Amino acid sequence: MAYSDKVIEHYEHPRNVGTLDKNDDNVGTGLVGAPACGDVMRLQIRVNDDGVIEDAKFKTFGCGSAIASSSLATEWIKGKTIDEAATLKNETIAQELSLPPVKIHCSVLAEDAIKSAIEDFRNKQAARREALKG
Amino acid sequence: MLKFPIYMDYHATTPVDRRALDEMLPYFTESFGNAASRTHAFGWTAEAAVGVARERIASLINASRPEEIIFTSGATESDNLAIKGVAEFYQEKGKHIITTRIEHKAILDSCKRLEKQGFEVTYLDVTKEGFVTPEALKAAIRPDTILCSVMLANNEVGTVQPIAQLGAICREHGVLFHTDAVQGIGRVDFDVEAMNVDLASITSHKMYGPKGVGALYVRRSKPRVRLTALMDGGGHERGYRSGTLNVPGIVGFGKAAELAKAEWREEAARVTALRDRLHSKLTTALDEVFVNGPWPAVAPDGTLLRLPNNLNISFAYVEGESILMSLKTLSVSSGSACTSASLEPSYVLRALGIEEELAHTSIRYGLGRFSTVEEVDYAAETTIASIRRLRDLSPLYEMAKEGIDLKSIAWTGH
């Protein structure tokens, strides 16, 4: 399979690899995909009080395109508000990385990972508000 | 001095041995005759050269007569001719065929075609090491079974089948026995007489001969095997395979067979040592690596269980295509879904009962005649560095190291 230069670049120098504390209330964690399908992405965001994503980290089990998609996703959502990040579409990632049709699912997985991390963060915030009320 | 990229995909194909190439060259130019031309010296020269090649190939597999070698375009054609040719000729006798789940697609798809034409095919399961058991074969034989096809050695996981035992069972039950011998010829012991083999597919390019030429061994006595030809035409190869012979290719194939016969034992010992060195380096440096197929490669009683040149290994928690991407100086292959057009992991690994999670992480190393210690050491070093880097990127490796049972997680799939 021939990869685009951008996929190779992200694969060889992935941005924001790492782990945030999943028990921190300001951290949202998205874990999507399945080992049996050959790709799993974990994307984490740390959100400040203004709703801005201060930090984003990922780890990915998958092909080069999956690694590149998640690396690019973390790069793009850093500094954005969670509302802005939630609008990021897989097509944008696929286009930027020139993913071939057979690899589009990698970009879909990256979009799902962002959404899932945001949802986890929002759930935690809602739970915290409930706890404060209670 | 290492020359990049390093070739470690000898299961896919092999380079032509220079000694085979040298014998071929005159048959492209000055001795270009058609082996079927009976009226002049050009034809006689070509026919004689084909005759020499036929004898050399017959001798390599211990066929009793050179005429038992039918030249084809390669193993795919040989497999098609064996399966479909026997099925058509013997269909009055019965319409049941036995094969295995881990055969090459040329066998499996030929069988599928026959199923559409009213034949019944039993696909034998294999053990977790990839073996067909004699018991399973015995149980599958029916009164209407005409043919059984089991490969000599598997191209992905290297399993060497107990061909002599299986051949004996087939002979006893009056079932013709075919083996796709492509991966094993010149690498392991193979003898059509001792093993009761009635038909065998061989290809030149996996034994250091040129591409585009192969052979089907067809036994001529005890029992005399009959086939219906796939190709109609000039009646070449005793009517079994019409079409002008690829004389230079056949000459190269013949020379490659002669070299294989003279050198294979020594070569197998040398390649085994290289393969074992690679295995030892990888398994010493890395945790959670699993060999797919039989290991150790030799049984306590000395039976060879695995091709000398094959190492198929799963590096848990890192996906195969991403491994290949970082091993760009190495030419290897993977059983991962992502490297196949179908996005399905290897059917061979699945037939061995290897979980999809692990099938996705497999890499196949195939060593051969021109592999060196330096190449193996480099391959080990670059693989180890690559796996470590990718595991640092893998959420699964991190979770496994934290003691999380990955099977306890409700994965989303897609």
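These values consider heavy atoms only, across backbone and side chains, with no hydrogens, waters or symmetry-generated copies. What you see is a predicted model; the values in this text were computed from it and never measured. Lettering follows sequence order; numbering is per chain, from 1.
Contacts of residues 7-17 of chain A with chain B at a heavy-atom distance below 4.5 Å involve A/Val7, A/Ile8, A/Tyr11, A/Glu12, A/Pro14, A/Val17, listed in sequence order. Below 4.5 Å, heavy atoms of chain A meet heavy atoms from B/Arg389, B/Leu390, B/Asp392, B/Leu393, B/Ser394, B/Pro395, B/Leu396, all part of residues 386-396 of chain B. Within residues 8-16 of chain B, no residue has any heavy atom under 4.5 Å from a heavy atom of chain A.
Listed options B/Glu356, B/Glu357, B/Met399 were ranked by heavy-atom pairs under 4.5 angstrom with chain A; first place goes to B/Glu357. Note on A/Thr19, A/Ile67, A/Asp112: by heavy-atom pairs under 4.5 Å with chain B, the leading option is A/Thr19.
In this structure, A/Asp83 places its CG atom where more than 12 heavy-atom neighbours from other residues, nucleotides or ligands lie under 6.0 Å away. Sparse packing is recorded around NZ of A/Lys6, with 12 or fewer heavy atoms of other residues, nucleotides or ligands lying under 6.0 Å away. At most 12 heavy atoms of other shown residues, nucleotides or ligands fall within 6.0 angstrom of atom CZ in B/Arg113. Within 6.0 Å of CD in A/Glu91 there are more than 12 heavy atoms belonging to other residues, nucleotides or ligands. The environment of NZ in B/Lys128 is sparse: at most 12 heavy-atom neighbours from other residues, nucleotides or ligands sit within 6.0 Å.
Neither the backbone nor the side chain of B/Lys407 comes within less than 4.5 Å of any heavy atom in chain A. No part of B/Glu355 comes within reach of chain A, as not one of its non-hydrogen atoms sits under 4.5 angstrom from that chain. Contact annotation for B/Thr361: only side-chain heavy atoms (C-beta onward) come within less than 4.5 Å of a heavy atom of chain A.
Heavy-atom minimum distance, A/Gly64 versus B/Ser322: N-CB, 4.1 Å. Summarising the geometry of A/Phe61 relative to B/Tyr317, their closest heavy-atom pair is CD1-O, 3.2 Å, with the distance given to 0.1 Å. The two residues B/His360 and A/Cys37 come nearest to each other via the heavy atoms NE2-C, 3.5 Å.
The backbone N or O of A/Val32 lies less than 3.5 Å from no partner atom in the side chain of B/Thr412, so there is not a single donor-acceptor pair.
Here A/Asp21 pairs with nothing under the salt bridge (charged side-chain N to carboxylate O under 4.0 Å, His left out) rule; sequence neighbours left out.
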